[in-house]
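Every number for a ligand or one of its atoms is a count from 1 in the order of the listing.
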Amino acid sequence: MIRVAVIGIGSISDAHIQAYRTFRNRCEIAALCDIYVDKAEKGRQRYQLGCAVYQDYQELLQRDDIDLVSVCTPPYTHAEIAVNALKCGKHVIVEKPMASSLEECDRMNEAAAAAGKILSVISQNRFGDTIAKLKRVLDSGLAGNIVHAQVDSFWWRGYVYYDLWWRGTWEKEGGGCTLNHAVHHIDMLQWLMGMPEQVTAVMNNTSHDNAEVEDLSIAILSYPRALAQITSSVVHHGEEQQLIFQGEKARVSLPWRVTASTSKENGFPQQNHELIEAINDLASQVPALSYTGHQGQLDDVLTAIENGTGDVVVTGQEGRKTLELITAIYQAASTGASVRLPLPPDSPFYTRDGIMANAPRFYEKKTSVAGFSKNEITISGETK
Ligand SMILES: NC(=O)c1ccc[n+]([C@@H]2O[C@H](COP(=O)([O-])OP(=O)(O)OC[C@H]3O[C@@H](n4cnc5c(N)ncnc54)[C@H](O)[C@@H]3O)[C@@H](O)[C@H]2O)c1
């Protein structure tokens, strides 16, 4: 039986606690922790758990019987809590974004390697049936080399969203929609297409003059023989999100759509019905996942602990890649100059202090509330 602690009993902790409860024959929640200890206590009662509650996470890390820690706190705390948990010999699942700087990611990965423990970064959208089909198709080469990707990470958040105490500052949230919302799509892009060589970007805060950070960014990524574009936004009504890959031979996308053209004698397009059918056939052979979203990722980590392999789908190195891409977007948008990858440690944006010194503060954060009376959130899920 794997014994688990959940640190940070706010909105997203529900997805972790519910998933662990699904696997109650494999794991047991032994501790809940929040700096507002009443939130941990309320969680314990709401989920009818017979576990201990803590205000200081360091105390629960001293317990030898806890094997795995879910870090569900704000971004600026992820590195400190994860590193301390790993040093105490715990496996760690950390919520997205992995951290608020690459320097922190590197410390987290070093701590995991030194402890020989698992560090997994939440990217629940990788655990979905449609993205599994998309990955199989792209890996098969049926669509040919990818020449263009279009990532629309469109979200909408009202003005008061940034009033929550830790949101809306470079120091505590670590960034705006590019880091905290588009992280899901940027992670999927780098998983499916790899890392670009160069990044160009612009960003702005168009509608939230109560936040230092951006609410809209547009980035262009250069690959050796391809371009990609990422729009990260919390100002898009309807939140219509998509991830479109244009291969030399076919287009495949989330939401799922396949089209393919061949050339007529004069170079104009005609539909390649055979290829469309072949791609849809391959996609239909991909077996349905037993668990999706947070359940899927937590199952992956529990399985790796049970098997003693330590092999998880989303490692700390994978989380770092996604953060490197986001950091490059911030650097390019802040300086107005294109950024080549990999980002070296002497990049001005490598540390959190460097980001805070060099990123634009669009507006001053004016209001800070401890919480909202109804804190229901929508969690990024699969676009089918
Ligand atoms: N995967 C997803 O789709 C998804 C969705 C929402 C949020 N998140 C991420 O989850 C994290 C938390 O977001 P949230 O919306 O749940 O925020 P939240 O404010 O609702 O909850 C965070 C909780 O952490 C507590 N906390 C802060 N510092 C702490 C510390 N040092 N020790 C213990 N508890 C501490 C806070 O009191 C709060 O209760 C963020 O990194 C966010 O980006 C992920």
Less than 4.0 Å between a side-chain N and a carboxylate O, is that true for Glu318 and Arg126? yes
Could you list which atoms of ligand 1 come closer than 4.0 Å to a heavy atom of His184? 1 (N), 2 (C), 3 (O)
If I apply the N/O under 3.5 Å rule, does Tyr57 come out as touching ligand 1? no
Looking at His294, which atoms of ligand 1 are within less than 4.0 Å of one of its heavy atoms? 1 (N)
Under the criterion side chain to side chain contact (heavy atoms under 4.5 Å, CB included), I'd like the reasoning laid out for Leu343 against Tyr350: C-alpha separation, chi angles, the key distance, then a yes or no. CA-CA 8 Å; Leu343 272 181; Tyr350 178 71; over 6 Å; no
Ligand 1 and Thr77, any nitrogen or oxygen pair closer than 3.5 angstrom? no
Are Tyr330 and Trp170 an aromatic pair, judged by ring center distance below 6.0 Å? yes
Where ligand 1 meets Lys39 - atom numbers and elements under 4.0 angstrom, heavy-atom basis: 38 (C), 39 (O)
Provide the number and element of each atom of ligand 1 under 4.0 Å from a heavy atom of Glu95. 1 (N), 2 (C), 4 (C), 8 (N), 9 (C), 10 (O), 44 (C)
With the threshold set at under 4.0 angstrom, would you say Glu80 reaches ligand 1 through any of its heavy atoms? no
Element-labelled atoms of ligand 1 that are located less than 4.0 Å from some non-hydrogen atom of Asn180: 43 (O)
Which option out of Cys33, Pro97, Cys72, Ser100 puts a heavy atom nearest to atom 22 (C) of ligand 1? Cys72
Within-cut-off N or O pair, Trp166 and ligand 1, under 3.5 Å: yes
As a test of understanding, state which of Trp155, Phe154, Trp156 forms a ring pair (Phe, Tyr, Trp, His ring centres under 6.0 Å) with His181. Trp155
Here's one to test your reading of the geometry: is the NZ or CZ of Arg167 within 45 degrees of the ring axis of Tyr161 and under 6.0 Å from its centre? yes
Under 3.5 Å between some N or O of ligand 1 and some N or O of Tyr36? no
Within a 6.0 Å radius of atom CG on Asp65, are there more than 12 heavy atoms belonging to other residues, nucleotides or ligands? yes
Proximity of Phe127 and His184 rings by center, below 6.0 Å: no
Specify side chain, backbone, both or neither for Ser13, according to which of its non-hydrogen atoms lie closer than 4.0 Å to ligand 1. neither
Give the numbers and elements of all ligand 1 atoms closer than 4.0 Å to a heavy atom of Gln124. 1 (N), 2 (C), 3 (O)
Using a 6.0 Å cut-off, check whether atom CD of Glu274 has over 12 heavy atoms from anything other than its own residue. no
I'd like to know if Arg26 pairs up with Asp299 as an ion pair, taking the criterion as any Lys NZ or Arg NE/NH1/NH2 lying under 4.0 Å from an Asp or Glu carboxylate oxygen. yes
Please identify which atoms of ligand 1 are closer than 4.0 Å to at least one heavy atom of Ile122. 1 (N)
Numbering as shown, the atoms of ligand 1 that approach Leu164 to under 4.0 Å (heavy-atom distance): 19 (O)
Taking only Lys NZ, Arg NE, NH1 and NH2, and the carboxylate oxygens of Asp or Glu, determine whether Lys172 and Glu212 approach each other closer than 4.0 Å. no
Nitrogen or oxygen of Asp34 less than 3.5 angstrom from that of ligand 1: yes
Compare Val183, Asp56, Ile35 and give the one whose heavy atom is closest to atom 34 (N) of ligand 1. Ile35
Please determine if Lys366 and Asp209 form a salt bridge, counting it only when a charged side-chain N lies under 4.0 Å from a carboxylate O. yes
Under 3.5 Å between any N/O of His78 and any N/O of ligand 1: does that happen in this structure? yes
